[in-house]
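This one's a predicted model, so the numbers in the text were calculated from it and none came from an experiment.
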Amino acid sequence: MRTKFTYVCIIMLFCMASLCAQNDNNSTPTSEPLITDRPDATESPSTVAPGFIQVETGGFYESFEEGGVKNETFTYNTTLVRLGLLDNLELRIGWDFVEGQTSVNGNKLNDVTSGFNPLLFGTKIGITDEKGWLPEIGLLGHLYLPFMASTDYRPETTGVDFRFSFAHTLSEKSSLSYNLGAQWRDDSPEAAYIYTLSYGYSISEKLGAYVELYGDFPEDNKANHLWDAGLTYLLSNNVQLDATVGSSITDGQDILISGGISFRLPTK
């Protein structure tokens, strides 16, 4: 575990050195539509501006059936709170409530699991703005604190992840974003290398669509690959609704259905 923290800390400290050289080009954040880290798995390199808090929440349902055994997961609250601390630096806190249900040959078992997942605590750093063919780049790092989790979902060790986030503007209406990183979760000492690739398209000033491929490559297991697609709708520059559907390409997920809302508020 010490090695995991060392890797993440070295990378985060290295990139924080670039913050002093960055200029905040968005002097009036509320005049621009908010940029969220939901509903897709791809995290944006953009940070929340200082003096603002952004809340991104929702719920999702997923299921997987194999050999007559069906596992269903209901996540009722996927809240992520993002607080702008400095130009190109934000604090991130997330927590969600999960309920799991297992059925065998159509008969639901009584051993329903429910409770809170480990608390997510982390930060995002904006490294550089987009310049020509060079993408906008950000770095995210998180801890997953087990002592904040319910008994059914409490691991024995603290989880860690980090990822670099990249974004390219392809045209006035389209963009390409992708993430590369690694995570240590679920008490595994082995790393799982993560990737995401998302294409976004603005159908109108308020309505957007995306399609995404994402997954991971665990060191001690086979790779997992999934896809999803969805819509976002801006009620205003500070409020966004979203809806998503997806599934796995490899085994693990038959269906994913998600919906949520994100909003931005001043802290002063």
Side-chain angles (χ1 to χ4, degrees), residues 24 26-62 73-99 114-126 136 138-145 148-150 153 159 161-163 165 167 177 179 196 198 200 202 205-210 212 228 230-244 246 256-268:
D24 184 14
N26 189 7
S27 58
T28 57
T30 56
S31 66
E32 298 293 334
L34 77 172
I35 299 174
T36 66
D37 283 346
R38 63 165 299 123
D40 55 6
T42 301
E43 307 279 19
S44 163
S46 300
T47 58
V48 175
F52 288 84
I53 187 170
Q54 191 161 303
V55 180
E56 304 177 9
T57 187
F60 68 85
Y61 165 82
E62 61 179 340
T73 301
F74 303 85
T75 303
Y76 299 109
N77 176 40
T78 60
T79 299
L80 174 66
V81 179
R82 303 169 57 191
L83 177 64
L85 298 178
L86 301 170
D87 294 346
N88 303 311
L89 177 65
E90 70 176 46
L91 176 70
R92 300 162 63 84
I93 300 175
W95 215 7
D96 51 50
F97 187 87
V98 185
E99 183 175 287
S114 65
F116 287 98
N117 270 322
L119 180 75
L120 176 152
F121 182 80
T123 187
K124 182 194 288 189
I125 299 168
E136 181 182 2
L139 173 64
L140 299 87
H142 302 110
L143 303 178
Y144 297 84
L145 306 178
M148 300 295 290
S150 302
Y153 297 98
D161 72 19
F162 75 90
R163 66 176 68 190
S165 176
S177 302
N179 294 171
T196 72
S198 179
S202 297
E205 290 185 358
K206 293 183 176 294
L207 183 63
Y210 81 92
E212 177 184 48
D228 59 17
L231 298 170
T232 60
Y233 184 79
L234 282 168
L235 293 177
S236 71
N237 283 344
N238 296 306
V239 183
Q240 176 181 280
L241 303 178
D242 63 67
T244 296
L256 166 71
I257 301 173
S258 172
I261 183 171
S262 302
F263 55 91
R264 177 176 56 197
L265 298 169
T267 57
K268 298 179 182 179

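Side-chain atoms of Leu145 and Pro118, non-hydrogen and from C-beta on, never get closer than 4.5 Å to each other. Using a 4.5 Å heavy-atom cutoff, the side chains of Val81 and Ile53 are in contact. Residues Ser44 and Thr36 fail the side-chain proximity criterion, which asks for heavy atoms closer than 4.5 Å. By the 4.5 Å heavy-atom criterion applied to side chains, Pro39 and Phe60 are not counted as neighbours. Taking the side chain as every heavy atom from C-beta outward, Asn238 and Phe263 never approach each other to under 4.5 Å.
Although no hydrogens or angles enter the test, the distance criterion places no donor-acceptor pair under 3.5 Å between the side chain of Thr73 and the main chain of Glu62.
Remark: of the listed residues Arg92, Arg38, Arg82, Arg92 is the sole one forming a salt bridge (charged side-chain N to carboxylate O under 4.0 Å, His left out) with Glu43.
Looking only at atom types and distance, the side chain of Thr244 has no donor-acceptor partner in the side chain of Asp228 under 3.5 Å away. Counting only N and O atoms by type, the side chains of Ser165 and Asn179 include a donor and acceptor under 3.5 Å apart. Side-chain atoms of Asn77 and Thr79 form a donor-acceptor pair, as typed in the model, at a separation below 3.5 Å. No side-chain N or O of Asn117 forms a donor-acceptor pair with one of Tyr144 less than 3.5 Å apart. Side-chain polar atoms of Thr42 and Thr196 form a donor-acceptor pair below 3.5 angstrom.
Annotation for Arg264 and Phe52: closest pair CG-CD2, 3.9 Å, computed over non-hydrogen atoms. Taking all atoms of both residues into account, the shortest heavy-atom contact from Ser198 to Tyr210 is OG-CD1, 3.9 Å. Smallest separation of non-hydrogen atoms from Trp95 and Met148: CZ2-O, 2.9 Å. For the residue pair Pro50 and Asp87, the shortest heavy atom distance occurs at CG-OD1, 3.2 Å. When all heavy atoms of Leu119 and Gly94 are compared, the pair lying nearest together is CD1-O, 3.3 Å.
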After noting the C-alpha distance and the side-chain angles of Thr123 and Leu91, does the key distance pass the side-chain contact (heavy atoms from CB on, under 4.5 Å) rule?
-> CA-CA 5 Å; Thr123 187; Leu91 176 70; 5.5 Å; no
Please report the C-alpha distance between Thr75 and Asp96 in whole Å, then the side-chain angles of each, then the deciding distance to 0.1 Å, and finally whether the side-chain hydrogen bond (donor to acceptor under 3.5 Å, both in side chains) criterion is met.
-> CA-CA 7 Å; Thr75 303; Asp96 51 50; 5.7 Å; no
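Taking CD1 from Ile261 and CD from Glu56, the interatomic distance works out to 11.5 Å, rounded to the nearest 0.5 Å. The distance from atom CG of Asp242 to atom OG of Ser258, rounded to the nearest 0.5 Å, is 6.0 Å. Residue Lys124 holds its NZ atom at 7.0 Å from OG1 of Thr47, rounded to the nearest 0.5 Å. Note that the CG atom of Leu120 and the CD1 atom of Ile93 stand 9.0 Å from one another [nearest 0.5 Å]. Separating the CD1 atom in Ile35 from the CD atom in Glu136 is a distance of 7.0 Å, to the nearest 0.5 Å. With rounding to the nearest 0.5 Å, the separation of CG in Leu256 from OH in Tyr61 is 10.5 Å.
Using a 30° and 60° split on the angle between ring planes, Phe116 and Phe97 fall in the perpendicular class, above 60°.
Here Tyr233 pairs with nothing under the ring-ring contact (aromatic ring centres under 6.0 Å, His included) rule; sequence neighbours left out. With sequence neighbours excluded, the residues that form a side-chain contact (heavy atoms from CB on, under 4.5 Å) with Ala209 are Ile203, Leu231.
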